[in-house]
Each structure stands twice: as C-alpha cells, then as structure tokens.
Visitor: 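This is the structure I want to talk about, given as structure tokens.
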Amino acid sequence: MAPASFQLIAALVLRETSIIYEPRKEYLVEARLHPLAAQAGCANVDAYVQMLSVNPVERRKAIDALTINETSWFRDNAPYQAFTETMLPALIAARTERRRLSIWSAACSSGQEAYSIAMLLDQHLPAGWSADILATDVSTAMLTRVENGRYSQVEMNRGLPATSLVKYFTRAGSEWEIVPALRKMVRTRHLNLAEPFGAIGTFDLVLLRNVLIYFDQPTKHGILRRMHQHVAPDGYLLLGSSETTLDLPADLHAMWDREQIGRVQAHRPAGAVSVPRPFSPAISAALTGVRP
Ligand SMILES: C[S@@+](CC[C@H](N)C(=O)[O-])C[C@H]1O[C@@H](n2cnc3c(N)ncnc32)[C@H](O)[C@@H]1O
C-alpha cells in the first residue's frame, strides 16, 4: 500500500482506539484491509482507504479489522488457576452478605476470557450465589461475537478442555454455541479504554489482559489511573503475562500493590482491605469444592 494510505489509516486507528501501528506494519494492514477492499468493490487497498473518509460504515469495519483479537480459552492457565484457588475463595469469604460477584473482562475480544471465567464460576460458586460479568471492547464486531456466543471448531481447539466443551456448548451447524446459563452471566458494552470509562461500577476482579501492549506509555498509565476506582478495595486487577512488569510512575506505584499469587502477579488497590489470603488448601477446598 502507498505510504500516504498507511499514514492515513494508522492515524485513524490511533484516534479511534489508541492502538499504535508502527511504520513497517504496512504488510499487516494491507493483509487485513484487502478482503474489505475487495468486498467493497475497490480496485486496491489505497482506493479503499480513500473511501473511508466518506463512508462511516466501512470506517467501522476497517477499525474492527485492525484491532488485534488474538485470544483463547483459559489463556495462559495460571491466572485462571490463581482465580480458582486464591482469589475466588478470598472473595467468597469477603462477600457472604452480598453473595454476588462482579467481574469485568476489559478488552474481551470474542469472549473466551469472559466465558472461561463464567465456567469457573459455574463450577465453584457456592449455591445461592450469582455473578455478573461485563465484557467490553472497542470493536463492535467482537461484542457481537460475544453476544452470539458461537465459536468455530478451530477456536474451540484453543485451550478448551473436552469436559467443558461437552458441559457448556451445543452444536450449531459447523459451530459450537455457549449454553444459555453462561450466556446470561455475561453482558456486553462498547468501551474504549483510552477514554473515560463512565459509570460502570466497581468490580471484584478486572481482567485487563493483552491490550495495554498496544498503547503508548501515557495511554497505559491513564488507563491504570482510571482503573483504580473500578476495582473494589479488596479486589484484583489482572494484566497480561508480559504486562505485569510495566514501569509505573510514582503516583501509580502508590495506587497499586502487587501480590504474587502462584505464577501470577495481581495488582490490588493500595492498602487493600486485608482478607485472609491465600487460604490453606483445606479451606480453599471447603469453599470452592476444588480438592487440594
Ligand atoms: C489481543 S486481544 C486480548 C483479548 C483477551 N483480553 C485476552 O487476553 O485473550 C486485545 C483486544 O483489545 C481490544 N482493544 C484494542 N484497543 C482497545 C481500546 N482502546 N479499548 C478497548 N479495547 C481495545 C481489541 O479489540 C481486542 O479485542
């Protein structure tokens, strides 16, 4: 694609999502826009980029195509193990009156993260408890995918245990559909992390994983500052495995404590209300039904 087209599209994506496309990523942008250009009847990607300035529908499609939606079930495993063995028992012990947990999958992509957590909650929440999972993303195409709760065989093969496939999915033609009980736990909302989050409430656990890597430092820091008021005082924030060692300025250091939980480093609002954690294996087992 022509350098001028690349600059135009990189500026558009930066403005709308804060995702940075560095020079030399022309091949990637071209590969992602080529099918859209063909569908729209454009002779090439340069003509398609020209069209974007006057066609908001295509502009939305192009932005969706350039958000990087790589995800999988129980991605990296360790955060989900830490959730089941340590965070969930601590939250259950701390929420005995409310008997409800709130979880936010920020930058949810096609929903595997939100539904992986939903499966664990289905297995380990005590009877009479409920959970609400908010799944947000800047890509409207991804939010539609979460709402549909349908996945291809290739997607199913990425990290989903066979027992979970049988328990939580039904066949829908060549795809697999999530069961209504899990679907009902997850609600979606369009949210650009680079902008104010609005009145979305406070969460016991926020998964902000594998998205900060696409932003520049001021954007990352702004997000972590705003995030502070959306994590409950005794709640948890989980970043991606390559994002936990981010260099933080002094004010952010003062806002967040880091807690090592197994192989995972969780961020917690500084001075988090102390609840007994981690539990002994025997207490964890009694609370969650997971045998030590
Ligand atoms: C690599 S996926 C990560 C998905 C999931 N969190 C995981 O770890 O598997 C990154 C997601 O971030 C979303 N994203 C990118 N920029 C965003 C922004 N400014 N606000 C919200 N979501 C954004 C993309 O649309 C994409 O779905």
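Quick caveat, the model's predicted, so the values are computed rather than measured. Atoms within a ligand are numbered from 1 in the order they appear, just like the ligands themselves.
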Visitor: With atoms numbered from 1 as shown, which atoms in ligand 1 lie under 4.0 angstrom from a non-hydrogen atom of Ser109?
Guide: 4 (C), 27 (O)
Visitor: How is the hydrophobic cluster of Ile20 composed, in terms of its other members, when Ile, Leu, Val, Met, Phe, Trp and Tyr link through side-chain heavy atoms under 4.5 Å apart, directly or indirectly?
Guide: Leu14
Visitor: Return yes if some donor-acceptor pair links the side-chain N/O of Arg183 with the main-chain N/O of Val186 below 3.5 Å, else return no.
Guide: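 Yes: the side chain of Arg183 pairs with the backbone of Val186.
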Visitor: Which residue and non-hydrogen atom of the protein lie closest to atom 15 (C) of ligand 1, and at what distance in Å?
Guide: Ile19 CD1, 3.5 Å
Visitor: Just which atoms of ligand 1 are under 4.0 Å from any heavy atom in Phe215?
Guide: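 That gives atoms 16 (N), 17 (C), 18 (C), 19 (N) of ligand 1.
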Visitor: Residue-level breakdown please: for Thr136 versus ligand 1, do any non-hydrogen atoms fall below 4.0 Å on the side chain, on the backbone, on both, or on neither?
Guide: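 Answer for Thr136: neither.
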Visitor: Can you tell me which portion of Arg75 lies within the under-4.0 Å heavy-atom range of ligand 1? Options are side chain, backbone, both, or neither.
Guide: side chain
Visitor: Are any of the N/O atoms on Ser72, whether in the backbone or the side chain, positioned under 3.5 angstrom from an N/O atom of ligand 1?
Guide: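 No - when backbone and side-chain N and O of Ser72 are compared with those of ligand 1, no distance drops under 3.5 Å.
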Visitor: Heavy-atom pairs closer than 4.0 Å: do any link ligand 1 to the side chain of Ser18, the backbone, both, or neither?
Guide: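 Neither part.
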Visitor: Around atom 20 (N) of ligand 1, find the nearest protein heavy atom and jot down its residue, atom name and distance.
Guide: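 Scanning the protein heavy atoms, the shortest distance from atom 20 (N) of ligand 1 goes to Leu193 N, 2.9 Å.
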Visitor: Need the ligand 1 atom indices (1-based, order shown) with element for anything under 4.0 Å from a heavy-atom of Thr67.
Guide: 24 (C), 25 (O)
Visitor: Looking only at protein heavy atoms, which one is nearest to atom 24 (C) of ligand 1, and how far off is it?
Guide: Asp137 OD1, 3.5 Å
Visitor: OG/Ser139 to CD/Glu16 distance, rounded to the nearest 0.5 angstrom?
Guide: 12.0 Å
Visitor: Is the closest basic N to carboxylate O distance between Lys61 and Glu58 below 4.0 Å?
Guide: yes
Visitor: Checking the N or O distance criterion of under 3.5 Å, is ligand 1 in contact with Ala107?
Guide: yes
Visitor: Considering only non-hydrogen protein atoms, determine which one is nearest to atom 2 (S) of ligand 1 and report residue, atom name and distance to 0.1 Å.
Guide: Ile68 O, 3.2 Å
Visitor: Which bit of Val211 gets closer than 4.0 Å to ligand 1, counting heavy atoms only: side chain, backbone, both or neither?
Guide: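 The answer is the side chain of Val211.
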Visitor: For a quick check under 3.5 Å, do Asn157 and Gln153 share a side-chain donor-acceptor pair by atom type?
Guide: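 A pair is found: one side chain offers a donor N or O, the other an acceptor, under 3.5 Å apart.
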Visitor: Can you check whether Tyr151 and Trp73 have ring centres sitting under 6.0 Å from each other?
Guide: yes
Visitor: Counting non-hydrogen protein atoms only, what is the nearest one to atom 9 (O) of ligand 1? Give residue, atom name and distance.
Guide: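 Looking only at protein heavy atoms, the one closest to atom 9 (O) of ligand 1 is Thr71 OG1, 2.6 Å.
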Visitor: Do any N/O atoms on Asn69 end up under 3.5 angstrom from N/O atoms on ligand 1?
Guide: yes
Visitor: Considering only the protein, which heavy-atom contact is closest to atom 17 (C) of ligand 1, and what is its distance?
Guide: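 Looking at atom 17 (C) of ligand 1, the protein heavy atom closest to it is Val138 CG1, 3.5 Å.
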Visitor: Any atoms of ligand 1 less than 4.0 Å from a non-hydrogen atom of Asn192? List them with their elements.
Guide: 18 (C), 19 (N), 20 (N)
Visitor: Please answer whether the main-chain N or O of Arg145 pairs with a side-chain N or O of Arg150 as donor and acceptor at a distance below 3.5 Å.
Guide: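 Not a single qualifying donor-acceptor pair exists.
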Visitor: Keeping the roles fixed (side chain from His124, backbone from Leu88), state whether a donor-acceptor pair exists under 3.5 Å.
Guide: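 No.
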Visitor: Is there a donor-acceptor contact under 3.5 Å from the side chain of Arg32 to the main chain of Ala65?
Guide: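 Present.
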Visitor: What is the closest protein heavy atom to atom 21 (C) of ligand 1, and at what distance does it sit?
Guide: Leu191 O, 3.3 Å
Visitor: May I ask you to check if ligand 1 and Arg209 share an N or O to N or O distance below 3.5 Å?
Guide: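 Arg209 vs ligand 1: N/O contact under 3.5 Å present.
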Visitor: Taking the six-membered ring for Trp, are His230 and Trp104 parallel (under 30°), tilted (30 to 60°) or perpendicular (over 60°)?
Guide: perpendicular
Visitor: Which residue and atom name correspond to the protein heavy atom nearest atom 19 (N) of ligand 1, and how close is it?
Guide: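 For this ligand atom, the closest protein heavy atom is Thr17 O, 2.7 Å.
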Visitor: Determine whether a donor-acceptor pair (N or O, by modelled atom type, separation under 3.5 Å) exists between the side chain of Arg158 and the backbone of Arg75.
Guide: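 No; zero donor-acceptor contacts below 3.5 Å.
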Visitor: Could you list the atoms of ligand 1 found under 4.0 angstrom from a heavy atom of Asn210?
Guide: 1 (C), 2 (S), 3 (C), 7 (C), 8 (O), 10 (C)
Visitor: Short list, please: which atoms of ligand 1 are under 4.0 Å from a heavy atom of Tyr214?
Guide: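 So the atoms of ligand 1 that pass are 1 (C).
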Visitor: Does Asp64 come within less than 4.0 angstrom of ligand 1, counting non-hydrogen atoms of the residue?
Guide: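 Flag not set, Asp64 not near ligand 1.
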Visitor: With the threshold set at 4.0 Å, does a side-chain nitrogen-carboxylate oxygen contact exist between Arg225 and Asp251?
Guide: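 Asp251 and Arg225: salt-bridged.
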Visitor: According to side-chain hydrogen bond (donor to acceptor under 3.5 Å, both in side chains), who are the partners of Thr71, at least two apart in sequence or on a separate chain?
Guide: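 Once residues adjacent in sequence are excluded, Thr71 has no partner under the side-chain hydrogen bond (donor to acceptor under 3.5 Å, both in side chains) criterion.
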Visitor: Quick one: does any side-chain atom of Glu26 pair with a main-chain N or O of Arg24 as donor and acceptor, under 3.5 Å?
Guide: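 Side chain of Glu26 to backbone of Arg24: a pair is present.
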Visitor: Under a 4.0 angstrom heavy-atom cut-off, which atoms of ligand 1 come close to Glu113?
Guide: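 Result: 5 (C), 6 (N), 7 (C), 8 (O).
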